[in-house]
Amino acid sequence: MDFGLTDEQRMIVETTRAFVEAELYPHEAEVERSGHLRPELIREIQGKAIEAGLYAANMPEEVGGAGLDTLSWLLYERELGRANYALHWTCVARPSNILLAGTAEQRAKYLFPCIRGEKWDCLAMTEPGAGSDLRGMTASARQEGDDWVLNGTKHFISHADLADFAIVFMASGEEETPRGRKKLITAFFVDKGTPGFSIREGYRNVSHRGYTNSVLEFDNCRLPASQVLGEPHKGFEVANTWLGATRLQVAATCLGRADRALQHAISYAAERRQFGQQIGKFQGVSFKLADMATELRAAELLTWAAAWKFDQGSVTEADMSMAKLKASEVLAMVADEAIQIHGGMGLMDDLPLERIWRDARVERIWEGTSEIQRHIISRELLRAVGG
């Protein structure tokens, strides 16, 4: 592995960071205080992102994206991760990679408009009774002739209020396995406005203000077979194929936020004076900075190594889980210590630290809790010796 960045990667980092600082940072206070993104602000920033070549950069060149390798994509994600999540996700959107699994007709209807910034997607898996255990989902789809009929509830569905359509995973049957009966899952495209499909406001969240979540209701929602994404009953295979790198994306955005907090802490420790000297000269502060920087570097190396292996085709689930686990927990530590170094000022909303601290909490929950990541890692270790 080459630990140096290419000229192109350095350009990606510099361009994305400059965009984040110029176009996203100035709007953070408004979004944090209102908990709302104005539609005109979304379109304004979106237009600038498209012009800068940053919009939908996660997509392959052949469909209109930037065609970045995984490490370059994660460097881009790290820089976006420095800003308020609602701003960077909504205004510099990345269509879900799972859209690439669609047929030619589905790509024309859903993928390409998302890449052009004309539509937004949302992904609906989680239910009130099925979070980490997706096999426990009860929202169902049954076949009636050539149609499918969907019933049930999904919740915690991010930015569904803005989305033009949802990619919805439903229990569609069962099969017998050596370990007993197992639910089969099918994925569907469901357009907003489809009869029997409704969206209502979700929960107020302490993390990522402005980044909304919604509850999706399906009441005999009828869809033609053309709305199935992938093959019937193969929803998990579709998700595992096309959503594998999302944990690395979470890790990368955590790295960006942690670095922003660390830089604030370093600057403050160098400027703030107490008892006749800079507080950074006191061991109680300087050792915190050393630990923060060391842990952040360790999380970066885990993430970049997993990205490199992803492009080599040798990445494992444990590699990605380690990166997500380490980066999300390091973010929590760095955010907390940065506030401690700032003292009372760290909790004031004049600085981004209290927001980063709040936002850090959800990172250890979504895209698989820290406990789920540890389960994946330990399972892989045990399987290697027949356990």
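- Using a 30° and 60° split on the angle between ring planes, Y85 and W366 fall in the tilted class, from 30° to 60°.
- Placement of L229 and F197 in two distinct hydrophobic clusters is found when ILVMFWY residues are connected by side-chain heavy-atom separations under 4.5 Å, directly or transitively.
- Side-chain N or O atoms of E237 include none that pairs as donor or acceptor with a backbone N or O of E231 at under 3.5 Å.
- When atom types are taken as modelled, the side chain of T16 and the backbone of V13 share no donor-acceptor pair closer than 3.5 angstrom.
- The closest side-chain heavy-atom distance from I12 to L5 is not below 4.5 Å.
- Residues L123 and L223 are members of separate hydrophobic clusters, defined by side-chain heavy-atom contacts under 4.5 angstrom among Ile, Leu, Val, Met, Phe, Trp and Tyr.
- Judged by distance alone, the side chain of T194 and the main-chain N or O of D191 form a donor-acceptor pair under 3.5 Å.
- Ring centers of F236 and F169: at least 6.0 Å apart, outside the cut-off.
- Side chain of Q46 to backbone of R43: no donor-acceptor contact under 3.5 angstrom is found.
- Between the side chain of K154 and the backbone N or O of E217, no donor-acceptor pair lies under 3.5 Å.
- Sorted pairs that involve residues 367-387 and meet ring-ring contact (aromatic ring centres under 6.0 Å, His included), not counting sequence neighbours, are lacking altogether.
- Contacts of Y268 classified as ring pair (Phe, Tyr, Trp, His ring centres under 6.0 Å), with partners at least two apart in sequence or in another chain: H342.
- In this structure, R17 forms no cation-pi arrangement with Y76, as its terminal cationic atom is not both closer than 6.0 Å to the ring centre and no more than 45° off the ring axis.
- Side-chain contact between H155 and T126 is present, with heavy atoms from C-beta onward closer than 4.5 Å.
- Between the side chains of S172 and H233, at least one donor N or O sits under 3.5 Å from an acceptor N or O.
- Side chain to side chain, D336 and Q340 fail the donor-acceptor criterion of an N or O pair below 3.5 Å.
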